[in-house]
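Just so it is clear, the values below take in all heavy atoms, side chains as well, and ignore hydrogens, waters and symmetry mates. Please read all numbers here as calculations on a predicted model, not as lab measurements.
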Amino acid sequence: MSDSFFFSRTDLDRNRAQAVLDNALKGADDGELYLEYAQSEAFVFDDNRLKTASFNVDQGFGLRAVCGESTGYAHASDLSEAALKRAGAAVQAVKSGIGGEMSAGPARTNAKLYPDENPLGDMPFEAKTKLLEEINEYARTKDDRVRQVSASLSGEWSAVEILRPGGEVIRDFRPLVRLNVSVTAGDGDRQESGSSGAGGREGYAKFITPDAWQGQVDEALRQALINLEAEAAPAGEMEVVLGPGWTGVLLHEAVGHGLEGDFNRKETSAFAGRIGERVAAPGVTVIDDGTLDGRRGSLTVDDEGTPTSRTVLIEDGILKGYLQDRLNARLMGVAATGNGRRESFAHQPMPRMTNTFMLGGDHDPEEILRTVKDGIYAVNFSGGQVDITSGKFVFNCTEAYRVQNGKVGAPLKNVALIGDGPSVMTKVSMIGNDFALDPGIGVCGKAGQGVPVGVGQPTIKIDRLTVGGAAA
């Protein structure tokens, strides 16, 4: 990235910007100037027509000064020296006459996890709309029960530059694309839906081949037709088997958030102060890895400039560590793990997950299902809610089946899984050998900020879990 990106196009001069930064952070413990330029586009084809076509450009800066536990933060979309000086004056208030010593900058990395090129120029407008038309037509001719089809294509590309006191500069280019298909099928008065999506930090090419998008349509239709046949779910405590891949979102919500550094430093997490203790069944190993090439949750460097890493959170059931940004790592006396993330220049960084998953075991998935006497096989989730302090969660299944005497039976509707993360992890009794990551569709929310993430896991068996359904 040359100076032309953030400096030559505006009246902001690099040397004067550095001087403002150095002055604003003098006596602070940490901080940076975060510059961002982002392009994004979205196309939605719904109800047999192109309903939305948008293109946006956003740019700005965020200036942060950290002193002890306190943070001064100011941001603006105006890339000018005047705006930066106003921000510098604002963030200095956090120091309140207290002098600190600036923390050492992040380690440098030669890793490159995704291409620099902007994917938004991969296809002309006409080709993108034609693709969505083809998806719509293909889905509607697959089965006469199809009543509605919605297809969306979205992409973004951001250029990030992080300036630190003393002239250190860290740069990153970040592509991100996604294709999603939703199908609604009906039989009489009953209608059910299914969806499928895929994406990653690369161009559109891999996701728009006929095999790729037809596979997504077929999967969305399969789910919709299965749900048309679904029966009312039972309720009560029972055995639950989770399928591989996207079901790792339960792990993400029920356990992952509780392992973020801020919650543990403040001792508001159910996992606070438990490093070295058993928090899960033997064989359960949970990893957060932001270094996976091209994955949705991956970053070459996080939003503080720290290279992402492969962080072992739980190893063979023992709690090994937390996810750390620079602030919480410094206050807890540990190293930052490259998990300082922010939604945009208008937001402060905080500890966030990247790609979080449970490693595979040695059981065949069919073997796992054969051990279930009376339970549920959950294959897909729509999402859920979790309370960080207690770890209690509720998840809604979009595809689930009754399992009795080792045989997978009828599909079920209105299945909810209810429990708490720390307890559930101790009840994992079998871990499959079919580890899979999700297809690249995850978005994580925290404190009003959304960031792209990845999840994954193999098939696992949980011996007892509360299932909420239609029966008492």
Atom CZ in Phe345, atom CG in Asp58: separation rounded to 0.5 Å? 4.5 Å
Note: Asp325-Arg341 ion pair, threshold 4.0 Å (strictly below): no
Under the rule for side chain to side chain contact (heavy atoms under 4.5 Å, CB included), what residues qualify as partners of Thr109, not counting sequence neighbours? Ala111, Thr300, Val301, Pro307
Donor-acceptor list for residues 448-456 side chains, cut-off 3.5 Å, not counting sequence neighbours:
from, atom 1, to, atom 2, distance (Å)
Gln449, OE1, Glu343, N, 2.8
Gln449, NE2, Gln348, O, 3.0

Does any non-hydrogen side-chain atom of Pro349 lie less than 4.5 Å from one of Arg64? yes
Taking the side chain as C-beta and beyond, is there a heavy-atom pair between Val424 and Leu465 under 4.5 Å? yes
Pair Met430, Glu367 - check side-chain contact (heavy atoms from CB on, under 4.5 Å), show working. CA-CA 9 Å; Met430 300 180 78; Glu367 173 195 0; 3.9 Å; yes
In terms of side-chain geometry, is the basic nitrogen of Glu32 or Arg342 positioned less than 4.0 Å from the acidic oxygen of its partner? yes
Check whether any side-chain heavy atom of Ile287 sits under 4.5 Å from a side-chain heavy atom of Thr311, and report yes or no. no
For the residue pair Leu242 and Val240, what are the closest heavy atoms and their distance? CD2-CG1, 3.8 Å
Assess whether ring-ring contact (aromatic ring centres under 6.0 Å, His included) is satisfied between Phe435 and Phe357, documenting all intermediate values. CA-CA 9 Å; Phe435 169 80; Phe357 48 86; 5.5 Å; yes
Verdict with reasoning, His75 to His347, per ring-ring contact (aromatic ring centres under 6.0 Å, His included): CA-CA 8 Å; His75 64 88; His347 303 83; 7.5 Å; no
Note: Arg278-Asp316 ion pair, threshold 4.0 Å (strictly below): no
Glu304 side chain to Arg326 main-chain N or O, any donor-acceptor pair under 3.5 Å? yes
Report yes or no: does Asn56 contribute a side-chain atom to a donor-acceptor pair with the main-chain N or O of Ser40 at less than 3.5 Å? no
Give, for atom CG of Leu33 and atom CD1 of Ile162, the distance between the pair rounded to the nearest 0.5 Å. 9.5 Å
Atom pair CD/OG of Glu399 and Ser195 - distance to nearest 0.5 Å: 10.5 Å
Report yes or no: does Gln92 contribute a side-chain atom to a donor-acceptor pair with the main-chain N or O of Ala24 at less than 3.5 Å? no
Whether Ser298 side chain and Asp293 backbone form a donor-acceptor pair below 3.5 Å: no
So does Ile441 get a backbone contact from the side chain of Asp438, meaning a donor-acceptor N/O pair under 3.5 Å? yes
Is it the case that more than 12 heavy atoms not belonging to Glu267 sit under 6.0 Å from its CD atom? no
Residues Val403 and Leu369: closest non-hydrogen pair is CG1-O, 4.0 Å
Got more than 12 heavy atoms from elsewhere within 6.0 Å of NZ, Lys392? no
Any chance you could lay out the side-chain hydrogen bond (donor to acceptor under 3.5 Å, both in side chains) test for Thr354 and Asp288, step after step, and finish with the verdict? CA-CA 6 Å; Thr354 57; Asp288 183 89; 2.7 Å; yes
List the steps, then state whether side-chain hydrogen bond (donor to acceptor under 3.5 Å, both in side chains) holds for Asn264 with Glu260. CA-CA 7 Å; Asn264 288 280; Glu260 291 168 338; over 6 Å; no
Heavy-atom closest pair, residues Asp78 and Phe61: O-CE2, 3.4 Å
Side-chain heavy-atom pair Leu417, Val415 within 4.5 angstrom cut-off: yes
Ion pair Arg164/Asp30, N-O distance below 4.0 Å: yes
Pairwise side-chain contact, Val394 with Val386, heavy-atom cut-off 4.5 Å (strictly under): no
For side-chain hydrogen bond (donor to acceptor under 3.5 Å, both in side chains), just list the numbers for Thr389 and Thr268, CA-CA rounded to whole Å, side-chain angles, deciding distance to a tenth of an Å, and then say yes or no. CA-CA 5 Å; Thr389 302; Thr268 57; 5.2 Å; no
Of all heavy-atom pairs between Phe207 and Ala198, which one has the smallest distance, and what is that distance? CD2-CB, 3.9 Å
side-chain hydrogen bond (donor to acceptor under 3.5 Å, both in side chains) evaluation trace for Thr459 with Asp434: CA-CA 6 Å; Thr459 297; Asp434 57 343; 2.7 Å; yes
Would you call Glu366 and Arg370 a salt bridge, using N to O less than 4.0 angstrom? no
Between Arg178 (side chain) and Ser154 (backbone), is there a donor-acceptor pair under 3.5 Å? no
Under a 3.5 Å distance rule, please check whether Thr356 uses its side chain to pair with a backbone N or O of Met353 as donor and acceptor. no
Hey, is NZ on Lys85 packed in by over 12 heavy atoms from elsewhere, all under 6.0 Å? no
Suppose we screen for side chain to side chain contact (heavy atoms under 4.5 Å, CB included). Which residues come up paired with Lys206, at least two apart in sequence or across chains? Glu202
Quick one: pull up CG in Asp172 and CG in Asp302 and give me the separation to the nearest 0.5 Å. 10.0 Å
Considering only heavy atoms from C-beta outward, does the side chain of Val160 approach that of Tyr34 to under 4.5 Å? yes
Beyond-backbone contact of Ile275 with Tyr322, side-chain heavy atoms, under 4.5 angstrom: yes
Is a donor on one side and an acceptor on the other found under 3.5 Å between the side chain of Thr337 and the backbone of Gln324? yes
Salt bridge between Glu239 and Lys461, side-chain N to carboxylate O under 4.0 Å? yes
Check Val57 against Gln39 and note the closest heavy-atom contact, atom names and distance. CG2-CG, 4.1 Å
Which residues pass the side-chain hydrogen bond (donor to acceptor under 3.5 Å, both in side chains) test with Glu69, not counting sequence neighbours? Arg265
The reported gap from CG in Leu113 to OG1 in Thr308 (rounded to nearest 0.5 angstrom) is 5.5 Å
Mind checking ring pair (Phe, Tyr, Trp, His ring centres under 6.0 Å) for Tyr114 and listing every partner two or more places apart, or none if nothing turns up? none
With a 4.5 Å heavy-atom cut-off, do Ser103 and Arg330 have their side chains touching? yes
Interatomic spacing from OG in Ser382 to CG in Asn396 - rounded to 0.5 Å: 4.5 Å
Side chain of Trp157, backbone of Asp116: donor and acceptor closer than 3.5 Å? yes
Ring pair (Phe, Tyr, Trp, His ring centres under 6.0 Å) filter on Phe381, not counting sequence neighbours, yields Phe395
Give me the atom names and distance for the closest heavy-atom approach of Asn227 to Ser193. ND2-O, 3.1 Å
Give a yes or no on whether a salt bridge exists between Arg171 and Glu161, defined as a side-chain N under 4.0 angstrom from a carboxylate O. yes
Counting N and O atoms only, with roles assigned by atom type, does the side chain of Arg295 sit under 3.5 Å from a partner on the main chain of Arg201, one being a donor and the other an acceptor? no
